[in-house]
Amino acid sequence: MTGPRFRIAPSPTGYFHVGGARTALFNWALARRLGGTFVLRIEDTDAERNQPEWTQGIIDALAWIGISKDDPHFEGPYFQSELAAAHVAAAQQLFEGGHAYYCDMTAADVEARNKVEGNQGYQGWSRDRGLGPGPGHVLRFRVPPGNTVVHDLVRGDVEFDNALIEDFVLLRGNGSPMFLLANVVDDMNMRISHVLRAEEHLSNTPKQQMMWQALGHEAPVWAHLPLLVNEQRKKISKRRDKVALEQYRDEGYLPQAMVNYLMTLGWTPKGEEIQPWAHIEGDFLLEDVNHSPAFFDLKKLAAFNGEYIRQLTVEQFAAACRPWLLADDAPFPADRFDEATFLAMAPHIQPRCVTLADAAGVIDFLFLADPVIDEAAWTKTFSSPEAVAVLRDSVHAYDGIADWSADALKSSLEVIGESHGLKLGKAQAPVRVAVTGRTIGPPLFEALEVLGRDETLRRMRSAEAAVA
RNA sequence: GCCCCCAUCGUCUAGUGGCCUAGGACACCACCCUUUCAAGGUGGCGGCACGGGUUCGAAUCCCGUUGGGGGUGCCA
């Protein structure tokens with residue numbers, strides 16, 4: 001695959017961050033449209049943290065949002081910890097070229113010296129001491145005089161004064177490479193042409209750009225994406241916020257909804273917000289990306305998800321709900337679940353779901369031996385004598401009804417309601433509570449039809465006995 | 001402290017000097033529809049942070065202020 005090369009470099013932390021997912025999506029849209037490559041690099045210089053299951057988790061999360069490792073545009077995964085030799089070699093090259101120097105001061109030494117001299121940061125103390133490598137010696141980059149201009153595709157040119165950038169560490173005292181170096185070397189060796197990442201990296205970009213130049217290469221195209229923030233306007237983090245993509249997947253969010261929503265954070269498709277991926281991929285332009293941080297709004301995500309759920313065919317919807325319907329923590333035992341019954345009710349529950357996980361709670365009464373009674377609803381509903389009378393009359397009427405269909409059941413109850421001066425909206429309440437246990441739920445008569453005569457009457461009689 | 005970024009309804013955004021008495025979406029409110037709850041329909045509320053310029057004309061350009069965020073590690 002020729003063309004531009006993009007990359008994402010998640011760290012193996014055990015979950016995939018939604019912010020990382022958005023960055024991945026932006027990279028993916030461009031890589032595919034431009035006929036380029038999307039490189040996945042698991043980034044951690046510490047091999048111990050590259051747990052195989054975490055890597056698989058990242059690959060699964062990417063696949064969920066449509067970034068498949070089987071796609072010809074996909075390359076990787078690579079493991080940064082396996083590339084350490086190249087990092088050290090690059091550091092050596094930098095040292096030999098005079099772009100880096102060794103220093104024997106520890107962090108504590110620097111701090112102590114700063115205290116005495118009233119300075120801040122590393123002051124380039126070992127720049128001209130001519131030290132060589134040795135135990136405890138760190139390799140520092142020799143920041144050249146002048147300015148560094150970062151050409152950023154979303155923000156334009158950003159200028160930094162090199163004098164304000166301290167000689168940063170490339171190799172630790174134990175000889176291991178630092179992240180900033182490893183990152184540059186890997187991007188270079190993997191011939192990455194475009195680096196799209198979150199804005200938090202912008203401040204460190206001049207350091208990386210100087211390394212690219214010192215190593216004799218032209219820096220890649222940079223593009224820093226607006227941060228994703230919480231209601232406090234701080235960047236979303238695992239500690240405070242729900243950031244694991246896997247969690248949204250497990251809670252019944254549709255990947256199409258998540259993808260579409262994520263893409264609208266910092267960018268808007270032409271026309272309507274709700275757009276299929278093909279359209280997004282064809283339209284996405286870095287130049288159109290916003291500059292300001294975006295609030296990750298669960299409510300809007302929920303709205304997108306509801307919208308995408310409604311777009312599903314009934315069969316797709318039913319199939320998509322299955323895992324939650326048959327889960328161990330479903331509100332009814334899996335062996336009582338019946339596919340045909342669910343399918344019959346599916347059109348009615350589909351517009352009532354914000355997530356796929358919601359479905360089980362809407363139709364639980366169909367698959368439970370006895371409905372779960374909402375005490376407050378029960379008490380309130382049967383506190384009225386008319387309600388009790390309606391229940392009694394409808395038991396009688398339903399017992400003898402010839403045609404057990406939603407329409408017939410409805411007409412019958414309408415007549416009973418009128419005889420007690422009640423409109424259908426009020427008259428259906430006692431039957432609903434008796435059969436489903438709640439005052440709210442899917443359309444009642446359709447549910448009764450599906451539940452069947454015997455079970456419906458059994459529940460109604462049981463309720464009648466209880467309120468008598 | 002220093003450096004960098006950002007600033008349009010509560011939120012995500014459209015807007016690139018006249019089409020803006022600022023458009024859409026989510027949320028919220030009201031009404032309609034209705035078998036409860038949803039969904040759907042209609043309508044409403046609500047914003048260019050502030051102060052200076054530039055210009056015939058500024059949400060749009062410039063400067064400053066204020067506010068918010070990020071970075072500044074022998075973390076990634």
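In what follows, every heavy atom counts, from backbone to side chain, and hydrogens, waters and symmetry copies are set aside. Lettering follows sequence order; numbering is per chain, from 1.
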Asker: Quickly work out the A:N119 CG to B:rC2 C1' distance and round it to whole Å.
Answerer: 13 Å
Asker: Looking only at atom P, what distance separates B:rG69 and B:rC45, rounded to whole Å?
Answerer: 33 Å
Asker: What is the nucleic acid contact for A:S11, judged by heavy atoms within less than 4.0 Å: base, sugar-phosphate only, or nothing?
Answerer: sugar-phosphate
Asker: Hey, could you give me each pair passing side chain to side chain donor-acceptor pair (under 3.5 Å) that has a residue in residues 149-173 of chain A? Not counting sequence neighbours.
Answerer: A:Y101-A:D167, A:R127-A:D167, A:N147-A:E159, A:T148-A:N162, A:H151-A:D157, A:D152-A:H224, A:R172-A:S176
Asker: Considering only NZ, NE, NH1 and NH2 on the basic side and carboxylate oxygens on the acidic side, decide whether A:K234 and A:D241 come within less than 4.0 Å.
Answerer: no
Asker: Can you tell me how far CE of A:M460 sits from NE2 of A:H396, rounded to the nearest 0.5 angstrom?
Answerer: 12.0 Å
Asker: Rounding to an integer number of angstrom, what distance separates B:rG68 and B:rC31 when you compare their P atoms?
Answerer: 40 Å
Asker: Between residues 79-87 of chain A and RNA chain B, which residues have a heavy-atom gap below 4.0 Å?
Answerer: none
Asker: Once rounded to the nearest 0.5 Å, what's the spacing between atom OH of A:Y102 and atom CG of A:L131?
Answerer: 10.5 Å
Asker: Round to a whole Å and report the spacing from CG of A:L181 to P of B:rC75.
Answerer: 14 Å
Asker: Counting the atoms with a prime plus P, OP1 and OP2 as sugar-phosphate, which does A:F295 contact under 4.0 Å by heavy atoms, base, sugar-phosphate, or nothing?
Answerer: sugar-phosphate
Asker: Scan A:G266 against the nucleic acid and name what it touches under 4.0 Å (heavy atoms): base, sugar-phosphate only, or nothing.
Answerer: sugar-phosphate
Asker: Do A:T205 side-chain atoms and A:L202 backbone N/O form a donor-acceptor pair below 3.5 Å?
Answerer: yes
Asker: Show the distances under 3.5 angstrom between N or O atoms of the protein and N or O atoms of nucleotides 4-6 of chain B.
Answerer:
{"residue": "B:rC5", "atom": "O2'", "partner": "A:R155", "partner atom": "NH1", "Å": "2.7"}
{"residue": "B:rC5", "atom": "O2'", "partner": "A:E199", "partner atom": "OE1", "Å": "3.4"}
{"residue": "B:rC5", "atom": "O2'", "partner": "A:E199", "partner atom": "OE2", "Å": "3.4"}
{"residue": "B:rC6", "atom": "OP1", "partner": "A:H291", "partner atom": "ND1", "Å": "3.3"}

Asker: For A:K235 and B:rG70, is the shortest distance between a side-chain N/O and OP1 or OP2 below 4.0 Å?
Answerer: no
Asker: Would you call A:R438 and A:D364 a salt bridge, using N to O less than 4.0 angstrom?
Answerer: yes
Asker: Using a heavy-atom cut-off of under 4.0 Å over every strand shown, decide if A:L444 touches base, sugar-phosphate, or nothing.
Answerer: base
Asker: Rounded to whole Å, how long is the line connecting atom CZ of A:R233 with atom P of B:rG69?
Answerer: 10 Å
Asker: At less than 4.0 Å, is any side-chain N or O atom of A:R310 found next to OP1 or OP2 of B:rA38? Yes or no.
Answerer: no
Asker: When you compare the side chain of A:V289 with that of A:F284, does any pair of heavy atoms fall below 4.5 Å?
Answerer: yes
Asker: Determine whether A:E199 and A:K235 make a side-chain contact, defined as any pair of heavy atoms from C-beta on separated by less than 4.5 Å.
Answerer: no
Asker: For B:rG1, give the paired nucleotide (Watson-Crick: N1-N3 plus N6-O4 or O6-N4; G-U: N1-O2 and O6-N3; both under 3.5 Å), or none.
Answerer: B:rU72
Asker: Can you give me the N/O atom pairs linking the protein to nucleotides 27-31 of chain B at distances under 3.5 Å, or say none if there are none?
Answerer:
none

Asker: side-chain contact (heavy atoms from CB on, under 4.5 Å) with A:N27: which of A:V39, A:L40, A:V195, A:L196?
Answerer: A:L196
Asker: Can you tell me the pairing partner of B:rC26 across any strand shown, Watson-Crick or G-U wobble, with both distances under 3.5 angstrom?
Answerer: B:rG10
Asker: Ring of A:F141, cation from A:K207 - is the NZ or CZ under 6.0 Å from the centre and inside 45° of the axis?
Answerer: no
Asker: At under 4.0 Å, does any side-chain N or O of A:R172 touch on OP1 or OP2 of B:rA76?
Answerer: yes
Asker: Taking CD in A:E53 as the centre, count heavy atoms belonging to other residues, nucleotides or ligands within less than 6.0 Å. Is the count above 12?
Answerer: yes
Asker: Can you sort out the partners of A:D44 under salt bridge (Lys or Arg N to Asp or Glu O under 4.0 Å), two or more places apart, ordered by chain and number?
Answerer: A:R49
Asker: Report the nucleotide, chosen from B:rA76, B:rA14, B:rG69, that has the shortest atom-to-atom distance to any side-chain atom of A:T268.
Answerer: B:rA14
Asker: Work out how far the P atom of B:rG46 is from that of B:rU54, and round it to whole angstrom.
Answerer: 34 Å
Asker: Looking at the side chain of A:E273, which of B:rG70, B:rG24, B:rC75 is the nearest nucleotide?
Answerer: B:rG24
Asker: Examine B:rC3: is either OP1 or OP2 under 4.0 Å from a nitrogen or oxygen in the side chain of A:N204? Give yes or no.
Answerer: no
Asker: Heavy-atom nearest nucleotide on RNA chain B for A:E166 versus A:I440: which residue maps closer to 5'?
Answerer: A:I440
Asker: Between A:R7 and A:D186, does at least one N-O distance fall below 4.0 Å, as a salt bridge requires?
Answerer: no
Asker: Mapping A:F445 and A:K207 to their closest nucleotides on RNA chain B, which lands nearer the 5' end?
Answerer: A:F445
Asker: Tell me which nucleotide among B:rG73, B:rC2, B:rA76 gets nearest to the side chain of A:L164.
Answerer: B:rC2
Asker: Side-chain contact test, heavy atoms from C-beta onward, threshold under 4.5 Å: evaluate it for A:E307 versus A:N260 and give yes or no.
Answerer: no
Asker: Report which part of the nucleic acid A:M105 touches: base, sugar-phosphate, or nothing (heavy-atom distance under 4.0 Å, all strands).
Answerer: base
Asker: By a strict heavy-atom criterion of less than 4.0 Å, which residues belonging to residues 12-24 of chain A are in contact with RNA chain B?
Answerer: none
Asker: Quick one: are A:L448 and A:F445 in side-chain contact, heavy atoms under 4.5 Å?
Answerer: yes
Asker: Of the nucleotides B:rU35, B:rU13, B:rG70, which has the atom closest to the A:R432 side chain?
Answerer: B:rU35
Asker: Could you tell me how far B:rA49 sits from B:rU60 if I compare only their C1' atoms? Round to whole Å.
Answerer: 16 Å
Asker: Take atom C1' in B:rU35 and the same atom in B:rU11, then report the distance between them in whole Å.
Answerer: 35 Å
Asker: In whole Å, I'd like the distance from the OH atom of A:Y261 to the P atom of B:rU11.
Answerer: 12 Å
Asker: Would the number of heavy atoms belonging to other residues, nucleotides or ligands and lying under 6.0 Å from CD of A:E315 be above 12?
Answerer: yes
Asker: What's the CD1-C1' distance between A:I274 and B:rG24, to the nearest Å?
Answerer: 13 Å
Asker: Send over the distance from A:K234 NZ to B:rG71 C1', rounded to a whole Å.
Answerer: 15 Å
Asker: If you measure from the P atom in B:rG41 to the same atom in B:rG24, how many Å do you get, rounded?
Answerer: 15 Å
Asker: Look at A:N183 and B:rA76 and indicate whether a side-chain polar atom (N or O) is within less than 4.0 Å of OP1 or OP2.
Answerer: no
Asker: Any strand counts, and the cut-off is 3.5 Å on both contacts for Watson-Crick or G-U wobble. Which nucleotide pairs with B:rG51?
Answerer: B:rC63
Asker: To the nearest Å, how far apart are A:Q428 CD and B:rA38 C1'?
Answerer: 13 Å
Asker: As a quick check of understanding, evaluate ring pair (Phe, Tyr, Trp, His ring centres under 6.0 Å) for A:Y261 and A:F296, giving each step before the final call.
Answerer: CA-CA 9 Å; A:Y261 177 62; A:F296 188 80; 5.6 Å; yes
Asker: May I ask you to check whether over 12 heavy atoms, not counting those of A:K242, lie within 6.0 Å of atom NZ?
Answerer: yes
Asker: Rounding to an integer number of Å, can you tell me how far A:L170 CG sits from B:rG73 P?
Answerer: 14 Å
Asker: When you compare B:rC33 with B:rC48, how far apart are their C1' atoms, in angstrom units rounded to a whole number?
Answerer: 38 Å
Asker: Mind checking the P distance from B:rU72 to B:rU16? Whole angstroms is fine.
Answerer: 37 Å
